[in-house]
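Computed over heavy atoms, backbone and side chain alike; hydrogens, waters and symmetry mates excluded.
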Amino acid sequence: MSELFGTLSDGTPVHRWTLERAGVRVRILTYGGIVQSVELPDREGHPANVVLGFPDLDGYLTHPEPYLGALVGRYANRIAGGRFPLDDREYALARNNGPNSLHGGDLGFDKRVWTAEEVPDGVRFSRVSPHGEEGFPGRLEVSATYTLGELGESDELSESGGLGEGGVGGVAGVALRVAYEAVTDAPTVVNLTNHSYWNLSGVGNVGSGGGGAGGHELRLAAGRFTPVDGDLIPTGALAAVDGTEFDFRQARKVGGGYDHNFVLDKGVTETAVGIGELYEAGSGRVLAVATTEPGIQVYTADHLSAPFAPGDGIALETQHFPDSPNRPDFPTTVLRPGEVYRSETVYGFGVR
C-alpha cells in the first residue's frame with residue numbers, strides 16, 4: 001500500500017509504502033529508499049517504532065547527514081581522499097566527509113527519488129545512476145527490493161541461532177529482507193547498505209539523552225575488525241578482537257564510541273547467513289541479522305544532534321569494507337559489464 005508522503009521543491013512527489021505482517025509494520029519512502037519506521041510488539045504485545053526517523057519529508061530534507069534509515073550508495077562508507085584507481089585510471093569523487101568521500105557523495109542514493117513497483121509481500125525500488133554521477137564511472141541500473149515475510153524453520157536466522165536462541169515468542173519468524181541488484185555498462189565500484197538506527201526500547205523517548213541504545217546487548221560472529229586512522233579510514237590491517245573492546249563474540253552491552261567495520265567470520269556468501277543479534281532486555285525485543293556481506297559497520301551514533309541525542313540508536317550497516325577500492329587485499333567491490341551485483345540482508349524480529 002502506498003500514499004503520498006510529501007513533495008520536493010521541484011514538484012516531485014514522494015510516496016510512502018507500508019508493509020504489514022503478523023503484528024509488524026514497516027514504512028519505506030521512495031525518497032532515499034528510507035525505512036521511516038519499523039513497529040514491533042514487545043514481550044507484552046505493546047507495539048513501538050524501533051528505528052529513528054522523522055514524521056514528515058521536511059525532517060529528512062533539513063537533517064540529511066545522519067542518513068536516517070536510508071539506502072546509501074553508490075559506495076557506502078568512506079573512500080580515502082575521495083579518489084580510487086580502476087583499470088589504470090583514477091577517479092575523483094565528491095569529498096563530503098573531510099578529505100574523504102562518504103556514502104556516495106553530496107547527492108548519493110539517499111537523496112534521490114526512486115521508482116517504486118509493488119512485488120509479492122513488498123516493494124521494489126529502482127533507478128539509473130548515470131555515468132559520472134558523483135564522480136563514479138559507468139551507467140548503473142540498480143534496484144532494492146524490500147519484502148516483509150515469515151521465516152521458515154530452515155531459514156538462515158533459525159539455523160544460525162539468531163531467533164531460535166533463547167526461546168523467542170511473539171513476532172518470532174517475521175523478517176524484513178532487503179535485496180539489492182545492479183548492472184553496469186562500464187567498470188565501476190558498488191557497495192550498498194541500509195543505514196537504519198535501531199533502538200529496540202522504542203524511539204518515543206529519544207532526543208533527551210534518556211532513550212540511549214548503549215544498554216542494548218550485541219553479539220557478532222566477527223573475530224576481527226579493521227582498525228582506522230584519525231579520518232576513520234582503515235589502516236589495512238585485519239586485527240583480532242581478542243582482549244579488546246571490539247570482541248562481541250559473546251553478547252554484551254554495546255556502550256558507545258563505535259564507528260568501525262567488523263570482519264565477519266563467514267566472509268562473502270551467495271546466500272544470507274546469520275551473523276548476530278541485538279537484544280534489549282527491557283522490552284524483550286530481538287533483532288537478528290543475516291547477510292551475504294563480509295562486513296558490518298557498527299555505529300553507536302555518538303555524533304547525533306537535535307532533534308536526537310548522541311547514542312539514541314545503533315546503526316548496523318552490512319557492507320563490504322570501507323575504502324576497498326584502494327585496498328586490493330580487501331574483498332573486491334568492482335562490478336564489470338556482464339556481471340550482476342547482488343547483496344541481501346535479512347532483519348529478523350522476535351521477543352525473548
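Remark: aromatic rings of Y279 and H216 are distant, center separation not under 6.0 Å. Aromatic ring centroids of Y67 and Y197 lie 6.0 Å or more apart. Taking the six-membered ring wherever Trp is involved, the centroid distance between the rings of W114 and Y31 does not fall below 6.0 Å.
The shortest side-chain heavy-atom distance between T30 and V14 falls under the 4.5 Å cut-off. With contacts defined as side-chain heavy-atom distances shorter than 4.5 Å, the pair F248/V298 does not qualify.
Proximity of a side-chain donor or acceptor of N96 to a complementary backbone N or O of S101 within less than 3.5 Å is not detected. Remark: side-chain polar atoms of Y60 are paired, donor with acceptor, to backbone N or O of F54 under 3.5 angstrom. Within the 3.5 Å criterion, the main-chain N or O of Y258 finds a donor-acceptor partner in the side chain of T300. At least one donor-acceptor pair under 3.5 Å links the side chain of S283 to the backbone N or O of L200.
Sparse packing is recorded around CD of Q250, with 12 or fewer heavy atoms of other residues, nucleotides or ligands lying under 6.0 Å away. Atom CD of E339 is surrounded by more than 12 heavy atoms from other residues, nucleotides or ligands within 6.0 Å. Counting non-hydrogen atoms of other residues, nucleotides and ligands closer than 6.0 Å to CG of D88 gives a total of 12 or fewer.
In the model, T291 has a side-chain atom that pairs as donor or acceptor with a side-chain atom of T345 under 3.5 Å. Residues E293 and S343 bring a donor and an acceptor atom of their side chains to less than 3.5 Å of each other. Checked by atom type, the side-chain pair R16/Q36 shows a donor-acceptor distance below 3.5 Å.
A cation-pi arrangement is absent between R127 and F125 under the rule of less than 6.0 angstrom and at most 45 degrees off the ring axis. Note that R74 lies outside the cation-pi zone of F109, set by a 6.0 Å cut-off to the ring centre and a 45° limit from the axis.
Note: H303 and Y299 have parallel aromatic rings, judged against thresholds of 30 and 60 degrees for the angle between ring planes. Classification of the H103-H195 ring pair by plane angle, with boundaries at 30° and 60°, yields perpendicular.
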Can you list the steps and then say if H15 with E3 is a side-chain hydrogen bond (donor to acceptor under 3.5 Å, both in side chains)? CA-CA 5 Å; H15 291 87; E3 60 187 328; over 6 Å; no
What do the steps show when you test R249 against V241 for side chain to side chain contact (heavy atoms under 4.5 Å, CB included), and what is the final call? CA-CA 9 Å; R249 291 173 294 180; V241 302; 3.7 Å; yes
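Each of R124, R342, E344 was checked for a side chain to side chain contact (heavy atoms under 4.5 Å, CB included) with E181, and the lone residue meeting it is R342. When Q319, R78, Q297 are each tested for a side chain to side chain donor-acceptor pair (under 3.5 Å) with N261, only one passes: Q319. Of the candidates E277, E280, E217, E277 is the only one forming a salt bridge (Lys or Arg N to Asp or Glu O under 4.0 Å) with R352.
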